[in-house]
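Here the structure is laid out as structure tokens; the discussion comes afterwards.
Atoms within a ligand are numbered from 1 in the order they appear, just like the ligands themselves.
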Amino acid sequence: MREKYIIALDQGTTSSRAVLFDQNGSLIAIEQKEFTQYFPKPGWVEHDPEEIWQTQQNVLIDLIKRQKIEASQIAALGITNQRETTIVWDKNTGKPIHRAIVWQDKRTSDICTRLKQQGWEDQVRERTGLVIDAYFSATKVQWLLDNVEGAREKAEQGGLLFGTVDSWLVWKLTEGRQHVTDYTNASRTMIYDIRKLQWDEELAALFNIPASMLPEVKPSAAHFGIWHYNGYDIPITGIAGDQQAALFGQACTEPGTAKNTYGTGCFMLMNTGEKLQLSKNGLITTIAYGIEGKVNYALEGSIFVAGAAIQWLRDGLKLIADSAETEALAEQVKDSHDVYVVPAFAGLGAPYWDMYSRGAIFGLTRDTGIGHIAKATLDSLAYQTRDILEAMQKDSGVELTSLKVDGGAVANNYLMQFQADIQGVEVVRPVVIESTAQGAAYLAGIGAGLWKRQDLEKLQKIDQVFKPALNEESRQKLYLKWQNAVKRTMNWAEETE
Ligand SMILES: Nc1ncnc2c1ncn2[C@@H]1O[C@H](COP(=O)(O)OP(=O)(O)O)[C@@H](O)[C@H]1O
Ligand SMILES: O=P(O)(O)OC[C@H](O)CO
């Protein structure tokens, strides 16, 4: 019998990937394609849904062709995606009514501020686990219906559909037959009741979102639809938002286990088991996954700008040609700690939740050079992570002894060592840093009956452990200065507009 494979589609903020796994769960090959980022106004971020689909479809087909796989060998597809990003499309033509509004987009901040003033914060947190913020999908859908000509009328007549990126991809893969999502993606919309596992009618009404627009919500390992390819029916059997997929891919399936993913943003999640825990320290509660008839919850700290700050050094400031260059630049000046970068380009997420904070560089002197800026930008990923780690330990009562990491930026050894130094907790980097795709593949494999949850642990391999090497006094001194820098960026956009 010929080898069977699982393909994970990993639709990230900056690129679409297709990743091939064999039936032992080993990563065989990756295809990747970047796509266009649109910044039409300060604080606005958009993607073209058709380009998302085209790049995702192209990498999928390229992967199959280049690896010389037969359609009959593909046991299942799994999907993982940038979360919250909002697409609204016409039910009949399948055409999006506008570009996707990306999770980083801040255009709906004022709607959120009004809701807070009207006292909705506790209700929203209680039912959805979230804080009221422009980050989540609900106000983005509301904005689209209120600002695209004719959209509201059409939506009320049942002619429009809303979906996060996973829903959009399934809709395209199944040629408009399925309008579905999974628990993890639904839990990022701000209109999904994470206890009752159903859309919250009152919240949907609050945001003026007709129920007819909403996708059917399924567990993360389930039957989502069929992709017809070369005469074969390939089932889509796993879906999870990328951060939940990474938690699963790192085999954090026991309560108290945590991971941090360093991609465009940085997201730390801790599995809290079947217990739903609301945060007192600025974290959010989210669904980790739903499989085998059960739902696991997670505490999450969401950092909006991490690897994106490195991209800004490359594409915005043009200080570097490649993100990997930051490692050598930082090593050259690693004993200098005077410059701080607070990359609050999209406000600040957890634990601050300030939609009006904006980025800043502190401590510039005449001798500040590219190395200092590059180093301070990398450091900001580590400082933001420590902010979250502290909140997470307080909320969960779990003292983490090590932090599992993954995502594109963990290739940077300087960053990993500074992360361990500044938090005083060791950092564990796996061989496969594509945990997101791995998680989606595991879910699809479970959904297709190939694996069981218990098999995951065996599939994990460690590459390197970074141990803290900084003394406690220096650690605290550096961190205090970071906290001061953050304070000075807060509320900037509101105060200056
Ligand atoms: N060696 C490196 N050092 C620092 N940052 C890096 C390095 N390699 C990649 N990155 C950053 O990591 C991000 C890419 O990670 P990835 O997991 O692919 O992100 P996403 O899934 O959000 O698109 C980019 O923002 C990039 O700037
Ligand atoms: O595309 P990533 O990997 O930065 O992840 C984006 C998150 O899902 C946003 O919540």
Side-chain angles (χ1 to χ4, degrees), residues 8-17 19 30 32-35 37 45 47 52 55 80-86 100-105 130 133-137 140 164-166 184-185 187-190 240-247 249 259-269 284 286 300-316 319-331 343 345-346 349-350 374-375 377-382 405-419 429 432-440:
L9 306 183
D10 178 4
Q11 207 304 302
T13 310
T14 55
S15 70
S16 299
R17 278 177 232 176
V19 189
I30 305 183
Q32 176 166 5
K33 198 158 175 35
E34 290 204 5
F35 58 88
Q37 308 288 317
V45 188
H47 293 157
I52 285 182
T55 52
T80 181
N81 55 289
Q82 52 166 323
R83 307 165 304 167
E84 300 95 14
T85 296
T86 298
I101 304 187
V102 177
W103 57 275
Q104 295 156 316
D105 191 291
L130 307 177
D133 194 272
Y135 173 32
F136 305 106
S137 312
K140 300 183 197 288
T164 38
V165 171
D166 56 310
T184 66
N185 277 293
S187 74
R188 317 299 296 189
T189 57
M190 214 155 67
D242 55 8
Q243 303 309 323
Q244 283 92 335
L247 186 75
K259 68 86 206 182
N260 194 25
T261 302
Y262 300 68
T264 304
C266 224
F267 300 87
M268 194 188 298
L269 272 76
I284 56 176
T286 201
E300 170 174 328
S302 332
I303 297 167
F304 295 150
V305 175
I310 312 297
Q311 279 172 347
W312 167 72
L313 295 178
R314 186 191 67 183
D315 306 335
L319 294 183
I320 51 171
D322 190 301
S323 13
E325 284 172 33
T326 52
E327 184 170 340
L329 283 168
E331 286 291 351
F345 305 151
K375 173 184 168 298
T377 308
L378 286 172
D379 291 352
S380 73
L381 276 58
V405 298
D406 56 75
V410 304
N412 193 306
N413 290 320
Y414 165 81
L415 172 61
M416 293 298 98
Q417 184 56 51
F418 187 67
Q419 185 68 75
R429 183 171 66 191
V432 176
I433 61 175
E434 301 284 342
S435 309
T436 300
Q438 202 162 32

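For the atom pair CD1 of Ile30 and CD of Glu434, the computed distance is 4.0 Å after rounding to the nearest 0.5 Å. A distance of 4.5 Å separates CG of Asn413 from CZ of Arg429, quoted to the nearest 0.5 Å. Summarising the geometry, atom CG belonging to Leu378 is positioned 4.0 Å from atom OG1 belonging to Thr326; distances are rounded to the nearest 0.5 Å.
Listed by atom number, the atoms of ligand 1 under 4.0 Å from Thr326 heavy atoms are 3 (N), 4 (C). Interface of Ala308 with ligand 1, defined as ligand atoms under 4.0 Å from a residue heavy atom, comprises 25 (O).
Nearest protein heavy-atom contact of atom 5 (N) of ligand 1 is Ala409 CB, 3.5 Å. Closest to atom 16 (P) of ligand 1, if we only count protein heavy atoms, is Arg17 NH2, 3.4 Å. Counting protein heavy atoms only, atom 23 (O) of ligand 1 is closest to Thr14 OG1, 2.6 Å. Looking at atom 17 (O) of ligand 1, its nearest protein heavy atom turns out to be Gly408 N, 2.9 Å. Closest to atom 1 (N) of ligand 1, if we only count protein heavy atoms, is Ala324 CA, 3.5 Å. In this structure, the protein non-hydrogen atom closest to atom 20 (P) of ligand 1 is Thr264 OG1, 3.5 Å. With respect to atom 4 (C) of ligand 1, the closest heavy atom belonging to the protein is Asn412 ND2, 3.6 Å.
The heavy-atom pair separating Ala382 from Phe418 by the smallest distance is CB-CD2, 3.6 Å.
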If you apply the rule side-chain hydrogen bond (donor to acceptor under 3.5 Å, both in side chains), what do you find for Arg188 with Ser137, and how did you get there? CA-CA 7 Å; Arg188 317 299 296 189; Ser137 312; over 6 Å; no
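Here the shortest heavy-atom distance to atom 24 (C) of ligand 1, taken over Gln243, Gln311, Gln82, belongs to Gln311. Comparing Ala309, Gly307, Ser323 against atom 7 (C) of ligand 1, the shortest heavy-atom distance belongs to Ser323.
Panel note: side chain Lys140, backbone Val102; a donor-acceptor pair is recorded below 3.5 Å. Thr85 contributes a side-chain N or O that, together with a main-chain N or O of Trp103, makes up a donor-acceptor pair within less than 3.5 Å. Side chain of Gln244 to backbone of Leu269: no donor-acceptor contact under 3.5 angstrom is found.
Just one of Lys259, Arg83, Gln82, Glu300 meets the side chain to side chain donor-acceptor pair (under 3.5 Å) condition when paired with Gln243; it is Lys259. Of the residues listed (Gln32, Glu34, Lys33), the one engaging Ser15 in a side chain to side chain donor-acceptor pair (under 3.5 Å) is Gln32, and it is the only one.
Residue contacts with ligand 1 for Ala306 are absent, since no atom lies close enough (heavy atoms, distance under 4.0 Å).
Ring planes of His47 and Phe35: perpendicular class, angle over 60° (limits at 30 and 60°).
Checked against a 3.5 angstrom limit, the closest N/O atoms of Gly12 and ligand 1 fall outside it.
Applying the side-chain contact (heavy atoms from CB on, under 4.5 Å) rule to Ala245 yields the partners Thr80, Ala240, Thr436; only residues at least two apart in sequence or on another chain are considered.
Not a single heavy atom of Glu434 sits under 4.0 Å from any atom of ligand 1.
Within 4.0 Å of ligand 2, heavy atoms belong to protein residues Gly12, Thr13, Gln82, Arg83, Glu84, Trp103, Tyr135, Asp242, Gln243, Thr264, Gly265, Phe267.
A donor and an acceptor atom, one from each side chain of Asn81 and Thr164, are nowhere located under 3.5 Å apart.
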